[in-house]
Amino acid sequence: MTDFRPFEFIPGNRDKGMVILGDHAMRHLPASYGSLGLPEAAFSRHIAYDIGIESLCRSLCERLGVPGVLGGFSRLLIDPNRGEDDPTLIMKISDGAIIPGNHPITDEEWNHRIEAFHRPYHKAVDETISAVAEATGKAPLIFSMHSFTPAWKGVPRPWHASVLWDSDDRAVVPLLAKLGADTNLVVGDNEPYDGALRNDTMFRHCMMKGIPHALLEVRQDLIGDKAGVAEWADRLTPIFAEINTDPALHEYKRYPSRTGPYEA
C-alpha cells in the first residue's frame, strides 16, 4: 500500500498558465485490493477508467509544454470526480457489473479510501494549480479530460466529443466554436452528461475559485489506439494553445453554480 501512488504529476512549464487534468486516466488498484472481486476483463472497460485519456493527456502536456495531474487509481476503487459526500463516490454496481469488493463496505474502509486515495489526488491538483497561479500571477486555464462510451444501453451516441460545464462559459464558448468549425465533428454541449455536478473536480478547483476551465469528453472509440490519440492531440493542441492566449481566460471571476449557492 505504501508504494502505491494515488496520482501522477506530469511536469511542464508553469509560466504557460495552463493545467491538464485526467481524473479517470488510470485503472490501477493497490495489490491489497486484488481485483475487487471482479474479473480482469472488467478493467478493460469504461467502468474502470476513461479509455484513451492517459495517453491523450500525456501527449497534450508534452506538445503544449504544460503540467498535468493524472488520477493513479481506478474509479472502481473510489471516484476522484465525485465529492466526498456523494453517494456514488464508491460504486456498488457500475453499468451492470456488481463490484463485490465495494459491498458491503464499512464506514472505516469508506473513510480510508478517501484519506488514502481521493484526498491525495485532489491535494496534488490543488498544489499544481496553485503553483501555476503563483508562477504567472494570474488565474490558470484548466482543461479536464474525460472519455465516454460510443453507446449507452444499446443506444449509439452521435457525438465525437462533448464539452461539459456549469455556468462559467469563458473557456467553453471558444472551445465549442473551434471544435464546431470542423464540419466532420458532432460536438455535444453538456451532452451526454450535464457538467454541473456539485463538489466534482471542476466545481471544487475551478468554480469555487473563479478559475476559467472546461471539461472535454472524447468518445472512447476515437482514442482507443495510438493513431486515434495522435489525431485528437493534433486537433486539440492548437485549439488549447490559442484559447490560452486570451487574457480574459486568466482572470479570476466566480460564477454562480447551477447546483446551488456556495457554502460560506
Side-chain angles (χ1 to χ4, degrees), residues 7 9-23 56-57 60-70 80-81 83 121-146 161-181 187-190 193-218 233 235-264:
F7 64 88
F9 172 71
I10 301 174
N13 186 347
R14 297 173 180 173
D15 292 335
K16 292 196 173 183
M18 185 192 298
V19 178
I20 304 288
L21 302 178
D23 294 337
L56 184 56
C57 285
L60 289 170
C61 286
E62 180 180 0
R63 292 171 185 232
L64 292 161
V66 301
V69 184
L70 305 179
N81 195 36
Y121 171 71
H122 284 286
K123 183 173 185 289
V125 170
D126 183 61
E127 289 177 347
T128 302
I129 292 174
S130 296
V132 171
E134 183 177 354
T136 62
K138 301 175 183 178
L141 174 60
I142 312 300
F143 288 107
S144 180
M145 304 300 299
H146 291 256
S162 299
V163 182
L164 309 188
W165 55 294
D166 187 338
S167 60
D168 184 348
D169 65 354
R170 289 175 291 172
V172 170
V173 169
L175 181 56
L176 283 171
K178 292 179 188 301
L179 289 171
V187 181
D189 181 354
N190 266 333
Y193 316 111
D194 188 344
L197 180 60
R198 195 165 189 86
N199 294 325
D200 70 352
T201 300
M202 292 294 90
F203 182 95
R204 176 174 179 170
H205 296 285
C206 298
M207 286 295 294
M208 288 186 66
K209 299 177 181 178
I211 293 175
H213 62 282
L215 190 156
L216 179 62
E217 297 247 10
V218 182
R235 175 179 288 118
L236 295 175
T237 296
I239 291 175
F240 285 8
E242 185 176 350
I243 292 174
N244 193 48
T245 64
D246 185 348
L249 294 181
H250 294 284
E251 297 176 356
Y252 291 95
K253 182 180 179 181
R254 192 159 81 158
Y255 288 65
S257 172
R258 291 189 284 115
T259 67
Y262 296 109
E263 296 178 4

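Every heavy atom of this structure was used, including side-chain atoms; hydrogens, water molecules and symmetry mates were not.
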Quiz prompt | Derivation of the side-chain contact (heavy atoms from CB on, under 4.5 Å) call for R14 and V66 | solution = CA-CA 6 Å; R14 297 173 180 173; V66 301; over 6 Å; no
What distance do [X] atom [atom1] and [Y] atom [atom2] have between them, rounded to the nearest 0.5 Å?
X	Y	atom1	atom2	answer
M18	L64	CE	CG	5.0 Å
K178	I239	NZ	CD1	7.5 Å
H205	D200	NE2	CG	9.5 Å
L141	K16	CG	NZ	13.5 Å
D194	D166	CG	CG	7.5 Å
S130	I211	OG	CD1	7.5 Å

Does any part of the side chain of [Y], heavy atoms only, come nearer than 4.5 Å to the side chain of [X], both counted from C-beta?
X	Y	result
M145	L236	yes
L179	L216	yes
F240	I20	yes
F9	E127	no
Y121	D23	yes

Could I get the full list of ring pair (Phe, Tyr, Trp, His ring centres under 6.0 Å) partners for [X], not counting sequence neighbours?
X	answer
H250	none
H213	none
F203	Y262

Minimum-distance pair of heavy atoms, taken over all atoms of [X] and [Y]:
X	Y	result
P212	L249	CG-O, 3.4 Å
P67	T128	CB-CG2, 4.2 Å
L164	G195	CB-CA, 3.8 Å
G17	V132	CA-CG1, 3.6 Å
A214	V163	CB-CG1, 4.4 Å
T201	P80	OG1-O, 3.4 Å

Exercise. Tell me, with the steps shown, if T259 and L197 meet side-chain contact (heavy atoms from CB on, under 4.5 Å).
Key: CA-CA 7 Å; T259 67; L197 180 60; 5.8 Å; no
Practice problem: Determine, stepwise, if the pair L70 / I10 fulfils side-chain contact (heavy atoms from CB on, under 4.5 Å). | Solution: CA-CA 8 Å; L70 305 179; I10 301 174; 3.9 Å; yes
Quiz item: Which of these, L21, L60, L175, sits in a side chain to side chain contact (heavy atoms under 4.5 Å, CB included) with F143?
Solution: L175
Expected output: side-chain [X] to main-chain [Y] donor-acceptor under 3.5 Å:
X	Y	answer
R254	M208	yes
R198	G83	no
R63	P238	no
S162	N190	no

Exercise. Step by step, work out the salt bridge (Lys or Arg N to Asp or Glu O under 4.0 Å) result for R258 and D168.
Key: CA-CA 10 Å; R258 291 189 284 115; D168 184 348; over 6 Å; no
Exercise. Could you walk me through whether R170 and Y255 pass the side-chain contact (heavy atoms from CB on, under 4.5 Å) test, one step at a time?
Key: CA-CA 10 Å; R170 289 175 291 172; Y255 288 65; 3.4 Å; yes
Self-check item: Crowding at NZ, K138 (>12 non-hydrogen neighbours, <6.0 Å)
Solution: no
